[in-house]
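Worth saying up front: this structure is predicted, and the values here are computed from it rather than measured.
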Amino acid sequence: MIRKVAERLFLMIAVSLLTLSCDYFPERVDAVVFNFVTLDTDSEGHFCRLRDDYGKTLTISGSTDDSETFTPDSTYRMICSYVEYDGNYAELRSTNEIISCIARPLSYFDGHEIKKDPMGIQSYWVSGGYLNIVLEIKGLDKAHSLCPIDYSSSSEVKFGFYHDQNSDVMSYTKNAYVSIPLWPYTFLNQGDTIKFSVMD
């Protein structure tokens, strides 16, 4: 008898909590996408169009910081979070510039030491015509210099990295986001291998 009363009491409490929890949460929760994208600016330097790496183009209808402006009528490679709405519209929640430049040829460093301070690799993939890499760099409070180096031949695409940690203390691990354009390598075909290396 006592056990049945306890079970009923537990069930009533559970139902009450479930009712409270359903009433507590809002009806709609926006699904935020976090990804590498290409952003275009309008004639006033505001972001107006977002292109993901899989062929989707979205018109930007708003941003958490509409006061920030960039070079007018330009294209930026960024990592950002955004919410996609019906009608091919997007609202930007955050934008962060990344390292995105054509890899430097060895001749670019003529007469200068190519520094290769250590770093790790978290992930990498090819999408949107870029080799995208998330690097792990240990540092504390100093700016690092980082850029991709082109070691490619006429039949092979191979990258390395210039990395100068500027005597920074190797303390906390921070992510560095890199997108290397692949369109200069016109001989690349689907299924070809792209090589890159870092000093760890």
Side-chain angles (χ1 to χ4, degrees), residues 25-105 108 119 121-137 143-150 152 157-163 174-196 198:
F25 290 107
E27 293 181 6
R28 177 189 172 107
V29 177
D30 290 328
V32 178
V33 180
F34 184 72
N35 216 340
F36 283 74
V37 298
T38 301
L39 296 173
D40 300 321
T41 59
D42 59 19
S43 60
E44 296 181 351
H46 297 289
F47 290 129
C48 62
R49 186 167 47 250
L50 179 153
R51 290 175 282 135
D52 71 11
D53 286 355
Y54 308 99
K56 181 177 288 187
T57 299
L58 302 172
T59 299
I60 296 173
S61 61
S63 173
T64 53
D65 187 6
D66 287 325
S67 63
E68 187 175 14
T69 58
F70 295 82
T71 303
D73 300 316
S74 298
T75 297
Y76 288 84
R77 183 70 172 167
M78 290 197 169
I79 187 166
C80 74
S81 60
Y82 59 95
V83 177
E84 181 179 344
Y85 296 107
D86 292 338
N88 292 328
Y89 287 94
E91 178 186 357
L92 296 181
R93 295 294 174 90
S94 68
T95 58
N96 292 285
E97 291 190 65
I98 62 177
I99 298 166
S100 184
C101 62
I102 294 174
R104 307 291 191 185
Y108 178 84
M119 53 187 173
I121 300 170
Q122 184 190 96
S123 57
Y124 59 90
W125 68 98
V126 173
S127 63
Y130 296 86
L131 171 62
N132 304 296
I133 310 169
V134 181
L135 297 170
E136 296 179 330
I137 296 177
H144 293 218
S145 296
L146 179 67
C147 77
I149 305 172
D150 189 357
S152 302
V157 178
K158 184 177 181 181
F159 301 115
F161 286 93
Y162 176 98
H163 177 217
K174 303 176 182 179
N175 288 341
Y177 302 96
V178 181
S179 267
I180 305 174
L182 297 177
W183 54 78
Y185 311 96
T186 54
F187 57 85
L188 271 178
N189 294 305
Q190 186 76 25
D192 285 353
T193 298
I194 299 170
K195 299 179 180 179
F196 72 94
V198 301

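- Here the rule is side chain to side chain donor-acceptor pair (under 3.5 Å) with R51, and of T57, D40, T38 only D40 fits it.
- T41 places a side-chain N or O within donor-acceptor distance of the main-chain N or O of S74, the cut-off being under 3.5 Å.
- A donor atom on one side chain and an acceptor atom on the other are found under 3.5 Å apart for Y76 and T71.
- Of the inter-residue distances, the one linking E97 atom CD with C80 atom SG reads 12.0 Å to the nearest 0.5 angstrom.
- Centroid-to-centroid, the aromatic rings of Y130 and W125 stay 6.0 Å apart or farther.
- A donor-acceptor contact closer than 3.5 angstrom links the side chains of N132 and S179.
- Both the sub-6.0 Å distance and the 45° axial angle are not jointly satisfied by R104 relative to the ring of Y162.
- Note that CZ of F187 is 8.0 Å distant from CG of D192, once rounded to the nearest 0.5 Å.
- For Y185 and F159, the gap between ring centers is short of 6.0 Å.
- Within 6.0 Å of the CZ atom in F34, the count of heavy atoms belonging to other residues, nucleotides or ligands exceeds 12.
- Distance check: S94 OG to M78 CE gives 10.5 Å after rounding to the nearest 0.5 Å.
- Side chains of I99 and L146 form a contact here, defined as non-hydrogen atoms less than 4.5 Å apart.
- For the pair S152 (side chain) and K158 (backbone), a donor-acceptor distance under 3.5 Å is present.
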### Task
Report the C-alpha separation of H46 and T69 in whole Å, then their side-chain angles, then the decisive distance to 0.1 Å, and conclude whether the side-chain contact (heavy atoms from CB on, under 4.5 Å) test is met.
CA-CA 5 Å; H46 297 289; T69 58; 3.4 Å; yes
### Task
Could you go through the side-chain contact (heavy atoms from CB on, under 4.5 Å) check for L92 and L50 one step at a time?
CA-CA 9 Å; L92 296 181; L50 179 153; 3.9 Å; yes
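- The side-chain heavy atoms of I60 and R49, taken from C-beta on, include no pair separated by under 4.5 Å.
- Residue F47 holds its CZ atom at 5.0 Å from OG1 of T95, rounded to the nearest 0.5 Å.
- For the pair L182 and L131, the minimum side-chain heavy-atom distance is below 4.5 Å.
- Using a 4.5 Å cut-off on side-chain heavy atoms (C-beta onward), H144 and K174 make no contact.
- Taken to the nearest 0.5 Å, the CG atom of D53 stands 3.5 Å off from the OG atom of S127.
- Nearest heavy atom pair, residue T186 against residue W183, reads CG2-O, 3.8 Å.
- Taking the side chain as every heavy atom from C-beta outward, I133 and F161 approach each other to under 4.5 Å.
- Put simply, the side chain of N35 never gets that close to the backbone of V37: no donor and acceptor are under 3.5 Å apart.
- In this structure, I194 and F196 have side chains that are not in contact, with every pair of non-hydrogen atoms separated by 4.5 Å or more.
- Contact of the H163 side chain with the L135 side chain is not registered, since no non-hydrogen atoms from C-beta on lie closer than 4.5 Å.
- Atom OG in S100 sits 9.0 Å away from atom CZ in F36 (nearest 0.5 Å).
- A pairwise comparison of heavy atoms in D42 and C48 identifies N-SG, 3.7 Å as the closest pair.
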